[in-house]
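This report refers to the structure that appears directly beneath it.
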Amino acid sequence: MKKVDVILGLQWGDEGKGKVVDVLTPRYEVVARFQGGPNAGHTLEFDGEKYVLRSIPSGIFQGGKTNIIGNGVVLDAILFRAEAEELAKSGHDLTRQLCISKKAHLILPTHRILDAAYEAAKGSAKIGTTGKGIGPTYTDKVSRNGMRVGDLLSPDFRAIYAAAKARHEAILRSLGYAYDIAELEAQWFDAVEYLKRFRIIDSEYFVNGALDEGRSVLAEGAQGTLLDVDFGSYPFVTSSNTVCAGVCTGLGVAPRRIGEVFGIFKAYCTRVGSGPFPTELFDETGDRLCTLGHEFGAVTGRKRRCGWLDMVALKYSIMINGVTQLIMMKSDVMNDFETIKVATAYRIDGRLTEEFPYETAAEIEPVYTELEGWRCDLRSCRRYDEFPEAFRRYVEFIERETGVPVKIISVGPDRDETIVR
């Protein structure tokens, strides 16, 4: 029985999923995004060009592949249009390659306004959202008030929209939030007409049908495991299930149809926005990781917080997702470090633990293991045996700690700077 392989992030997002999906997609005939919204930016670099994908699956750059925006995704028509038109300029015929699930929910103009209003109401306790309306859209989905892509095909579309807008405006009045939606709304209606040019499908039937026909399918996640609404560092999380289980609900496939689970992590850690980050560095080393790693959000441009690799969090993510293969990104960022640290346990209230805590507000002291740095440039390496011994020890330390093989190692942003073991 053909199964869906899954690729997802194991940290707080920004692990480099886009590049790896692009590298892996030659093996697959279908690439499907299963959750999230346009707050995630998957960055790909090749042939001297840089691309940032927000809603469109990263398999779009491989000719002849079918790409699907699944039902677990929330879609902003305005941002989708801008992204699609930019890709069309580079010669990719998206109307032939891209399908959109009828059951994917739509981000309305008022969702963006609500996002800003809710953040403003939180005062100093802000979550640090990107303001793209994603949380309010998932709220409407769960409360059974959402609009879906399939509604665009309904003769009652305008009435459905008007009812949703009226609900949102009542909330905004209660919050006393001032706004002007006219221009944004006009752009949205234009973008909706553009979106209707694409194949709008029953994606669950499409994906299962592809598997039944023996076609290979790769499911692509957004954000990262530690931002999962159930298992992440709540409440500083995203609004969807970023973990492997999200593939089943976000694409409509049964658990028994999940195959390989590729877990992506950076050789260090980063986080954008608020929330706990046990290994965060506030010193020159943290600044150095940020500078060398170009750690700024692909969508927001926000500076990322940086720290050492957190093995407690990584093992937690591997357990939750059932990871079968690890993929390590940005190894080259630490080329010149004499000593590298890895957190292998936490000390909380004087107690040593290797478990990721429920109480994210707890004072967590990371317990570090120190390893020798490799102090040379990895970017010229193209085979595992070309790596310096110190770097191979770092990789093998991670494998011993996690019990999962590191199968792919990235040493730079380009497609070619990817070593498959």
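Since the structure is predicted, the reported quantities are computational estimates derived from the model, not experimental observations.
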To the nearest 0.5 Å, tell me how far E86 CD sits from R54 CZ.
9.5 Å
Please round to the nearest 0.5 Å and tell me the distance separating atom NZ of K141 and atom CG of L106.
12.0 Å
Specify the closest pair of heavy atoms between I364 and P278, including all atoms of both residues, with the distance to one decimal.
CG2-CB, 3.9 Å
4.5 Å side-chain heavy-atom contact, L94 and L87:
yes
About how many Å separate CG of L289 and SG of C269, when rounded to the nearest 0.5 Å?
10.0 Å
Given 3.5 Å as the limit, does a donor-acceptor pair link the side chain of Y138 with the main chain of H105, or not?
no
Reported CZ-to-CD distance for the pair R199 and Q97, which is rounded to 0.5 angstrom
11.5 Å
Whether D115 and K132 form a salt bridge (side-chain N of Lys/Arg under 4.0 Å from carboxylate O of Asp/Glu) is what I want to check.
no
Relative to F296, does K303 satisfy both conditions: NZ or CZ under 6.0 angstrom from the six-membered ring centre, and within 45 degrees of the ring's axis?
no
Return the minimal non-hydrogen interatomic distance between P109 and E185, and the atom names on each side.
CG-CA, 4.0 Å
Are R271 and D310 within salt-bridge range, i.e. N to O under 4.0 Å?
no
Check the surroundings of atom NZ in K65: do more than 12 heavy atoms from other residues, nucleotides or ligands lie under 6.0 Å from it?
yes
Checking side-chain contact (heavy atoms from CB on, under 4.5 Å) for the pair L172/Y179: CA distance, chi angles, key distance, verdict?
CA-CA 9 Å; L172 290 164; Y179 63 95; 3.6 Å; yes
Between L10 and N321, is any pair of side-chain heavy atoms under 4.5 Å apart?
yes
Ion pair present between E389 and R393, side-chain N to carboxylate O less than 4.0 angstrom?
yes
Are T270 and W12 close enough that some pair of their side-chain heavy atoms sits under 4.5 Å apart?
no
What I want to find out is whether D414 reaches K19 closely enough, with some N-O distance under 4.0 Å, to be called a salt bridge.
no
Flag the pair S101 / F206 as yes when at least one side-chain heavy-atom distance between them is below 4.5 Å, and no otherwise.
no
Please check if the side chain of S216 supplies one atom and the backbone of E29 the other of a donor-acceptor pair under 3.5 Å.
yes
When you compare the side chain of I7 with that of V20, does any pair of heavy atoms fall below 4.5 Å?
yes
Does a salt bridge link E386 with R382, judged by any charged N lying under 4.0 Å from a carboxylate O?
no
Under 3.5 Å, side chain of Q11 to main-chain N/O of Y268, donor-acceptor pair present?
yes
Is the side chain of D202 donor-acceptor paired with the backbone N or O of Y205 at a distance under 3.5 Å, no angle test?
no
Using modelled atom types only, decide if a donor and an acceptor are shared between the side chain of D287 and the backbone of C290 within a distance under 3.5 Å.
no
Taking atom OG of S331 and atom CD1 of I409, what is their separation to the nearest 0.5 Å?
6.0 Å
Sidechain N-carboxylate O distance under 4.0 Å for E295, K266
yes
Set out, in order, the CA-CA distance, both residues' side-chain angles and the distance that settles side-chain hydrogen bond (donor to acceptor under 3.5 Å, both in side chains) for T324 and E260, then state yes or no.
CA-CA 6 Å; T324 59; E260 294 289 331; 2.6 Å; yes
side-chain contact (heavy atoms from CB on, under 4.5 Å) assessment of I107 paired with L75:
CA-CA 6 Å; I107 300 173; L75 193 62; 5.9 Å; no
Rounded to the nearest 0.5 Å, what separates atom CZ in F391 from atom CZ in R375?
15.0 Å
Before you tell me yes or no, could you show the steps for V30 and L218 under side-chain contact (heavy atoms from CB on, under 4.5 Å), namely the whole-Å CA-CA distance, both residues' side-chain angles and the distance that decides it to 0.1 Å?
CA-CA 6 Å; V30 178; L218 180 66; over 6 Å; no
From the options I100, N71, I69, select the one residue that forms a side chain to side chain contact (heavy atoms under 4.5 Å, CB included) with V149.
I100
Just wondering, do M319 and K315 contact through their side chains at under 4.5 Å, heavy atoms?
no
Would you check, one step at a time, whether the test side-chain contact (heavy atoms from CB on, under 4.5 Å) holds for T139 with S239?
CA-CA 8 Å; T139 298; S239 302; over 6 Å; no
Minimum-distance pair of heavy atoms, taken over all atoms of A117 and L175:
CB-CD1, 3.9 Å
Taking only Lys NZ, Arg NE, NH1 and NH2, and the carboxylate oxygens of Asp or Glu, determine whether E399 and R421 approach each other closer than 4.0 Å.
yes
Run the side-chain hydrogen bond (donor to acceptor under 3.5 Å, both in side chains) check on S58 and E220 step by step: do they pass?
CA-CA 8 Å; S58 303; E220 175 188 11; 2.7 Å; yes
Please evaluate residues R304 and D14 with respect to the criterion salt bridge (charged side-chain N to carboxylate O under 4.0 Å, His left out), reporting the C-alpha separation (whole Å), side-chain torsions for both, the decisive distance (0.1 Å), and the verdict.
CA-CA 9 Å; R304 295 176 186 142; D14 310 309; 3.4 Å; yes
Looking at D377 and R379, does any basic side-chain N land under 4.0 Å from a carboxylate oxygen?
no
Would you mind reporting whether R257 and M1 have side-chain heavy atoms less than 4.5 Å apart?
yes
So does T285 get a backbone contact from the side chain of D283, meaning a donor-acceptor N/O pair under 3.5 Å?
yes
Ring centroid separation Y161 to W188 under 6.0 Å
yes
Without swapping roles, check the side chain of Q223 against the backbone of D228 for a donor-acceptor pair under 3.5 Å.
no
Under 4.0 Å between a side-chain nitrogen and a carboxylate oxygen: does that hold for K103 and E204?
yes
Is any side-chain heavy atom of T242 less than 4.5 Å from a side-chain heavy atom of Q35?
yes
Kindly give the heavy-atom pair with the smallest separation between G252 and N208, and that separation in Å.
O-ND2, 2.8 Å
Test T418 against S410 for side-chain hydrogen bond (donor to acceptor under 3.5 Å, both in side chains), laying out the working first.
CA-CA 5 Å; T418 310; S410 175; 4.8 Å; no
Any sub-3.5 Å donor-acceptor pair from R167's side-chain atoms to N145's backbone N or O?
yes
Between G412 and D332 the two heavy atoms that sit nearest each other are N-OD1, 3.5 Å
Taking all non-hydrogen atoms of both residues into account, name the closest pair between V217 and A210 and its distance.
CG2-CB, 4.3 Å
Would F198 and F80 count as a ring pair (Phe, Tyr, Trp, His ring centres under 6.0 Å) here? Give the steps.
CA-CA 11 Å; F198 292 81; F80 170 80; 5.1 Å; yes
Could you tell me whether the side chain of Q325 and the main chain of K407 form a donor-acceptor pair under 3.5 Å?
no
Tell me if the CD atom of E365 is crowded by more than 12 foreign heavy atoms within 6.0 Å.
yes
Can you confirm whether or not the ring centre of F387 sits under 6.0 Å from the ring centre of Y394?
no
Evaluation steps, side-chain hydrogen bond (donor to acceptor under 3.5 Å, both in side chains), between D140 and H111:
CA-CA 9 Å; D140 273 0; H111 282 134; 2.8 Å; yes
